[in-house]
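Every chain is numbered from 1 and lettered A, B, ... according to where its sequence line falls, protein lines coming before strand lines.
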Protein chains: 2
Amino acid sequence: MGKSYRQFCALARALDHLGDRWTLLIVRELLIGPCRYSDLRAALPGVATNLLADRLRQLETDGLVVRRELPPPAASIVYELTPLGAALDEAVYALVRWGAIWMVAGRDGETFEPRWLVVALRAFAGPVPADTRGTVDVLVEGVRIRVVVGGGAVDVALAEVPGGADAVVAGDAETVLSVAAGLLSFGGAQRQGRLRVTGNRGVARAVVDIFGLGPSPVNRVGGPPAVGE
Amino acid sequence: MGKSYRQFCALARALDHLGDRWTLLIVRELLIGPCRYSDLRAALPGVATNLLADRLRQLETDGLVVRRELPPPAASIVYELTPLGAALDEAVYALVRWGAIWMVAGRDGETFEPRWLVVALRAFAGPVPADTRGTVDVLVEGVRIRVVVGGGAVDVALAEVPGGADAVVAGDAETVLSVAAGLLSFGGAQRQGRLRVTGNRGVARAVVDIFGLGPSPVNRVGGPPAVGE
DNA sequence: CTGCATCCGCTTCGATACTG
DNA sequence: CAGTATCGAAGCGGATGCAG
């Protein structure tokens with residue numbers, strides 16, 4: 001695998017475990033939820049299968065990931081994060097907030113999985129007022145992401161089944177991302193017809209207001225340099 | 001350079017710019033302060049000089065770094081971060097907090113630069129009480145790091161000249177790191193003779209208390225997996 | 001079908017040497 | 001001081017094979 005930087009530095013040590021190609025993207029997938037080998041292959045187009053196997057082995061010996069065999073009827077293997085691996089959440093979210101600067105370029109020819117918005121929404125969630133409560137489903141390309149707010153915390157995850165949400169917000173990925181990052185207002189997105197809201201609009205507004213608040217790099221720095229600059 | 005992941009995902013986009021070997025370590029050096037080419041080579045043992053040149057070129061065209069020629073007497077070139085590059089601070093600090101878990105292993109055969117503690121101290125700085133004020137110099141292996149606290153903010157930087165600090169804390173890198181990360185108490189470190197404090201001890205205590213507070217991964221998860229586990 | 005291992009052409013990395 | 005040039009070794013991406 002990748003060579004160690006051999007530096008007594010926490011950043012270098014972190015990169016000794018995460019710096020290899022594909023590793024952090026595997027962690028991203030597992031932050032969304034446990035995955036089978038083939039789930040990972042599908043979500044990571046372009047990864048060589050031996051490389052994926054290598055990375056998973058490395059992550060396992062490093063203690064970031066565990067292999068778990070599902071009970072008999074399924075008879076499959078899932079990979080999931082250990083507490084050590086899950087502790088990467090804040091680092092991933094910080095990278096997502098910075099990387100969002102580069103999302104203005106559009107997605108010509110790139111692959112996209114709506115599930116990735118789970119990570120993006122978590123990344124842009126700000127402090128939660130103690131009295132805000134509610135469940136909002138975000139619907140993008142048929143994938144349902146459930147945002148549950150309550151007790152001063154927010155939980156974002158894939159929703160297995162519809163129903164039970166106070167409101168549903170539907171739109172395309174760019175719009176959802178822009179609103180989450182605070183680059184586009186919730187009201188403005190609705191007025192432009194880019195978001196459709198059904199159910200309890202008060203709850204929807206309150207939950208959406210949790211996002212796009214903090215001084216994330218997207219708001220501080222603006223866009224990437226123009227071409228030719 | 002590294003191939004793009006071709007994913008419409010902020011993490012993948014970030015890694016498209018930062019994922020190449022050495023890139024984030026170059027950013028780390030520049031977060032400490034502007035560097036000349038030879039400074040970078042010295043701080044990054046093992047980097048091939050053509051690779052360093054490649055990375056700097058890439059960082060420049062990506063808008064994270066600018067080349068600046070120093071005025072005549074010096075007649076040299078320094079690299080420094082643009083606002084876009086400097087916006088990586090939070091991502092780097094988050095990675096440092098996670099990577100600190102792996103710092104228990106000791107530094108056998110690894111290189112170490114005391115200046116790196118500038119980044120570590122920033123990474124572990126917690127919220128600053130509005131009424132805390134003071135300047136503390138941290139002395140490690142002859143390198144002086146100045147921690148200035150006031151107005152609810154903390155600034156950590158290399159100190160060019162001695163003097164002007166309310167207190168001076170001297171010790172080795174492991175001890176300073178442990179105290180900053182909240183794994184070792186300030187008082188305990190002094191009692192064990194691992195830290196020596198001179199000057200105003202009240203200010204020293206107040207400033208040190210800013211560190212090691214937040215629920216960083218080191219405190220939540222503990223150490224890395226034992227060997228053979 | 002899932003979960004890998006093997007082989008191969010190509011790119012990238014690391015080390016050294018050399019130049020304005 | 002600030003890079004460029006070169007070359008062997010390692011890593012990557014893609015295709016294929018194969019056992020459970």
Trainee: Does D:dG3 have OP1 or OP2 under 4.0 Å away from a side-chain N or O of B:Y79?
Mentor: yes
Trainee: With a non-hydrogen cut-off below 4.0 angstrom, is A:G46 in contact with a base, only sugar-phosphate, or nothing?
Mentor: sugar-phosphate
Trainee: Given the ring of A:Y5, does B:R21 sit roughly above its face, with NZ or CZ under 6.0 Å from the centre of the six-membered ring and within 45° of the axis?
Mentor: yes
Trainee: Counting any heavy atom closer than 4.0 Å, what does B:L52 reach on the DNA or RNA strands: base, sugar-phosphate only, or nothing?
Mentor: nothing
Trainee: Whole angstrom is fine here: how far is it from NZ in B:K3 over to P in D:dG11?
Mentor: 18 Å
Trainee: Is any side-chain N or O of B:R41 closer than 4.0 Å to OP1 or OP2 of C:dA15?
Mentor: no
Trainee: From CG of B:D54 over to C1' of D:dA2, roughly how many Å is that when rounded to an integer?
Mentor: 14 Å
Trainee: OP1, OP2 of C:dC4 versus side-chain N and O of A:R55: anything below 4.0 Å?
Mentor: no
Trainee: Compare the minimum distances between each of D:dT4, C:dG3, C:dC13 and the side chain of B:L51, then state the nucleotide with the smallest one.
Mentor: C:dC13
Trainee: I need the CG-P distance between A:N50 and C:dT2, as an integer number of Å.
Mentor: 19 Å
Trainee: So, OP1 or OP2 of D:dG13: does either fall under 4.0 Å of a side-chain N or O from A:W22?
Mentor: yes
Trainee: Answer with base, sugar-phosphate or nothing: what part of the nucleic acid does B:A53 contact at a heavy-atom distance below 4.0 Å?
Mentor: sugar-phosphate
Trainee: Does a side-chain heavy-atom distance below 4.5 Å link B:R194 with B:V176?
Mentor: no
Trainee: Going by an N to O cut-off under 4.0 Å, is there a salt bridge joining A:E80 and A:R67?
Mentor: no
Trainee: From CG of B:D39 over to C1' of D:dG3, roughly how many Å is that when rounded to an integer?
Mentor: 14 Å
Trainee: What is the distance from CD of A:Q58 to P of D:dG11, rounded to the nearest Å?
Mentor: 11 Å
Trainee: Taking 4.0 Å as the cut-off, does a side-chain nitrogen or oxygen of B:R57 come that near to OP1 or OP2 on D:dT4?
Mentor: yes
Trainee: Testing the basics here: between B:G212 and B:N219, what is the closest heavy-atom pair and its distance to 0.1 Å?
Mentor: O-ND2, 4.4 Å
Trainee: Can you tell me which nucleotide in C:dG14, D:dT16, D:dG14 comes closest to the side chain of B:A48?
Mentor: C:dG14
Trainee: With a non-hydrogen cut-off below 4.0 angstrom, is B:S38 in contact with a base, only sugar-phosphate, or nothing?
Mentor: sugar-phosphate
Trainee: Could you state the CD1-P distance from B:I77 to C:dG20, rounded to the nearest angstrom?
Mentor: 17 Å
Trainee: Calculate, to the nearest 0.5 Å, the distance between atoms CG and OH belonging to A:D39 and A:Y79 respectively.
Mentor: 11.0 Å
Trainee: Please report, rounded to the nearest Å, how far the P atom of C:dC4 is from the CG atom of A:L59.
Mentor: 13 Å
Trainee: Is A:R220 atom CZ crowded by more than 12 heavy atoms from other residues, nucleotides or ligands, each under 6.0 Å away?
Mentor: yes
Trainee: Out of C:dG14, D:dG3, D:dG14, which nucleotide sits closest to the side chain of B:Y37?
Mentor: D:dG3
Trainee: Does D:dG13 have OP1 or OP2 under 4.0 Å away from a side-chain N or O of B:R6?
Mentor: no
Trainee: Separation of A:E69 atom CD from C:dT2 atom P, in whole Å?
Mentor: 16 Å
Trainee: Would you say the base of D:dT4 and the side-chain of B:T49 have a donor-acceptor pair closer than 3.5 Å?
Mentor: yes
Trainee: Check whether any side-chain nitrogen or oxygen of B:S76 sits under 4.0 Å from OP1 or OP2 of D:dA2, and answer yes or no.
Mentor: yes
Trainee: Compare side-chain N and O positions of B:R21 against OP1 and OP2 of D:dG11 and report whether any pair is under 4.0 Å apart.
Mentor: no
